[in-house]
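Given the structure is predicted, the values throughout are model-derived calculations rather than measurements.
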Amino acid sequence: MGHRLMLPELHLVASARPNLPKLAALWHALAEEAPAFCRPVLVHTGQHHDAAMFAGHLADLGLPAPEVSLGVSGGGHAALTGRTMMACEALWQDRRPVLVVVPGDVDGTLAAALAARKLRIPVAHLEAGLRCGDRDMPEEINRRAVDAVSDLLWAPDHATADRLLREGHAPEAVRAVGNSMIDTLLRRLPAARARALPAGLRPGGYGVLTLHRPANVDSHQALAILLAAVAEAARALPLAWPLHPRTAMRMAEFGLAMPPGVLPLPPLGYLDFLSLLSRARLVATDSGGVQEEAAGLDVPCLTLRPSTERPVTLESGANQLVTPAGLPAAVARVLSGGWPPARPIPLWDAAVGTRMVAHLRTVLAAAEPTLETA
């Protein structure tokens, strides 16, 4: 009989596709850490579960298939959150990690954070402290609630970390680690740029459009106004539009046609979208993650929302909030050279995963590995 050193498990919870690039930075930094002090376990709640897209994102990011898949998807906010909490609780009663990492602000993130803390398992919130001030946005409710129960708060920039301190969070809990999306982007950019662009597109000769927020697409009037603005903007610059399933469904439901000058594309995997975005002249979007990626690439970003939880992108000059009516003029301004290069954002680099691992190592230093008889 011998003894085998067992490292404590660290559970990284992925609910939706946008969680994966955030977790990838931490996953790969842990893989490079020597000596190892914990064993990362990828847990998929199931909120986004389409095999082609989710599995494709894993492969694009160099991540393994999830070790644990809970299979919870569908339903409204309360049903999805409740069923995910129940599944997480069952998992962690049977298999207790030393800490749970939850990224972002989707319903599965909130559910996992609540379930872990009810079981007295420490929680780290990756991308903590984001605020847009719109309490009607489901993501805003989730991110505030997750921050309230988390033990470690990993903020993407210094200003966001300062906000968490002003809100009363303990200084030892808060770390400005940087933007993990940018860490992943910088590491995967060479592979993305090796991908071919969709037929008919040439570098710098098109813009990218993404739309999926309920406020923009769930109302016939709001979506019709946006599409009219998109049609006008596309007269100045062809637009490539990877169409979100929610938006495609609403367009069909409302009887709205694809605007002229727009190339519709299917939902894209991580590397294909990064390839498309990195060679675009500009992007118009309502996505938080795309705002970050555009800033990292210095691609002018026109955000079709009244507010953003990522004000650092506005301050850097990489991003601007625009109304639908203002979209054509903003596109014209970019094309005329009226958009100066963005200023680099501190901590948005390829060392974000390393900073998270350093904080984890400090926090878990008191947790001794256990011995299991083999």
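Between the H28 side chain and the L61 main chain, a donor and an acceptor come within less than 3.5 Å of each other. Of the possible donor and acceptor atoms, none in the side chain of D94 sits under 3.5 Å from a partner among the backbone N and O of L91. At distances below 3.5 Å, at least one donor-acceptor pair connects side-chain atoms of H125 with backbone N or O atoms of G104. In this structure, N19 contributes its side chain and S15 its backbone to a donor-acceptor pair below 3.5 Å. Between the S150 side chain and the V146 main chain, a donor and an acceptor come within less than 3.5 Å of each other. Side chain of S275 to backbone of L271: no donor-acceptor contact under 3.5 angstrom is found. Put simply, the side chain of E293 never gets that close to the backbone of L185: no donor and acceptor are under 3.5 Å apart. Looking at S219, its side chain does come within 3.5 Å of a backbone N or O of Q221 through a donor-acceptor pair. Although no hydrogens or angles enter the test, the distance criterion places a donor-acceptor pair under 3.5 Å between the side chain of Q291 and the main chain of S287. At distances below 3.5 Å, not a single donor-acceptor pair connects side-chain atoms of R250 with backbone N or O atoms of N216.
Note that CG of L26 and CG of L360 are 6.0 Å apart. Values are rounded to the nearest 0.5 Å. Of the inter-residue distances, the one linking L80 atom CG with T45 atom OG1 reads 7.0 Å to the nearest 0.5 angstrom. The CH2 atom of W92 lies 8.0 Å from the NE2 atom of H11; values are rounded to the nearest 0.5 Å. Distance CG/L265 to CG/L243: 9.0 Å, rounded to 0.5 Å. With values rounded to the nearest 0.5 angstrom, F273 atom CZ is found 5.5 Å from T210 atom OG1. The distance from atom CG of L223 to atom CZ of F254, rounded to the nearest 0.5 Å, is 6.5 Å.
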Decide yes or no on salt bridge (Lys or Arg N to Asp or Glu O under 4.0 Å) for R95 and E67, but give the supporting numbers first.
CA-CA 12 Å; R95 180 174 174 176; E67 187 170 325; 2.3 Å; yes

Verdict with reasoning, L63 to W27, per side-chain contact (heavy atoms from CB on, under 4.5 Å):
CA-CA 8 Å; L63 292 172; W27 178 275; 3.6 Å; yes

From CA spacing to verdict: side-chain contact (heavy atoms from CB on, under 4.5 Å), L186, W348
CA-CA 10 Å; L186 293 172; W348 286 34; over 6 Å; no

Trace of the side-chain contact (heavy atoms from CB on, under 4.5 Å) decision for T285 with L211
CA-CA 6 Å; T285 186; L211 293 172; over 6 Å; no

Check the pair R144, E140 against side-chain contact (heavy atoms from CB on, under 4.5 Å), reporting the backbone distance first and the verdict last.
CA-CA 6 Å; R144 288 172 180 265; E140 180 78 354; 3.0 Å; yes

Trace of the salt bridge (Lys or Arg N to Asp or Glu O under 4.0 Å) decision for D157 with R163
CA-CA 10 Å; D157 55 77; R163 179 190 299 115; over 6 Å; no

Take D151 and R117 through the salt bridge (Lys or Arg N to Asp or Glu O under 4.0 Å) test and state the conclusion after the steps.
CA-CA 9 Å; D151 302 272; R117 289 304 296 127; 3.5 Å; yes

Trace of the salt bridge (Lys or Arg N to Asp or Glu O under 4.0 Å) decision for R305 with D286
CA-CA 6 Å; R305 286 169 49 188; D286 59 9; over 6 Å; no

Can you list the steps and then say if H359 with W154 is a side-chain hydrogen bond (donor to acceptor under 3.5 Å, both in side chains)?
CA-CA 9 Å; H359 193 202; W154 289 332; 2.9 Å; yes

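Salt-bridge annotation for D183 and R355: absent, with no side-chain N of the basic residue lying under 4.0 Å from a carboxylate O of the acidic one. A salt bridge does not link R143 with E139: every distance from a Lys NZ or Arg NE/NH1/NH2 to an Asp or Glu carboxylate oxygen is 4.0 Å or more.
Clustering ILVMFWY residues whenever any of their side-chain heavy atoms sit less than 4.5 angstrom apart, transitively, puts M181 in a cluster other than the one holding V357. Both V299 and L189 are members of a single hydrophobic cluster when ILVMFWY side chains are connected at heavy-atom separations under 4.5 Å. One hydrophobic cluster, built from ILVMFWY side chains closer than 4.5 Å, cannot hold both V283 and V230; they sit in different ones. With hydrophobic clusters built from ILVMFWY side chains whose heavy atoms lie under 4.5 angstrom apart, L12 shares a cluster with L99. Grouping the Ile, Leu, Val, Met, Phe, Trp and Tyr side chains by contacts below 4.5 angstrom, directly or via other members, places M251 with L304.
Here the side chains of R131 and E167 are in contact, with some heavy-atom distance below 4.5 Å. Looking only at side-chain heavy atoms (C-beta outward), L302 and W339 come within less than 4.5 Å of each other. Within the 4.5 Å cutoff, the side chain of V363 has heavy atoms near those of the L152 side chain. A 4.5 Å side-chain heavy-atom check between S180 and M356 finds at least one atom pair inside the cut-off. Between P238 and L263, the closest side-chain pair of non-hydrogen atoms is not below 4.5 Å. Side-chain contact between E127 and R310 is present, with at least one heavy-atom pair separated by less than 4.5 Å. Two residues are said to be in side-chain contact when any heavy atoms from C-beta on lie closer than 4.5 Å; N142 and T109 fail this criterion. At least one side-chain heavy atom of L256 sits under 4.5 Å from a side-chain heavy atom of H220.
Enclosure of atom CD in Q93 by more than 12 non-hydrogen atoms of other residues, nucleotides or ligands within 6.0 angstrom is indicated. More than 12 heavy-atom neighbours from other residues, nucleotides or ligands sit within 6.0 angstrom of CE on M249.
In terms of heavy atoms, P64 sits closest to L42 at O-CD2, 3.6 Å. Nearest heavy-atom pair, A234 versus P260, reported as atom, atom and distance to 0.1 Å: CB-O, 3.6 Å. The two residues A112 and V102 make their nearest non-hydrogen contact at CB-CG1, 3.8 Å. The shortest heavy-atom contact between L119 and R96 is O-NH2, 2.8 Å. Minimum heavy-atom separation, R193 to S278: NE-OG, 3.7 Å. For the residue pair L335 and A236, the shortest heavy atom distance occurs at CD1-O, 3.6 Å.
The aromatic rings of H212 and H244 lie parallel to each other, with less than 30° between the two planes, well short of the 60° mark.
A side chain to side chain donor-acceptor pair (under 3.5 Å) with T313 is found for exactly one of N319, T303, T308, N179, namely N319. Across R188, R17, R195, R187, a single residue satisfies salt bridge (Lys or Arg N to Asp or Glu O under 4.0 Å) together with D60, and that is R195.
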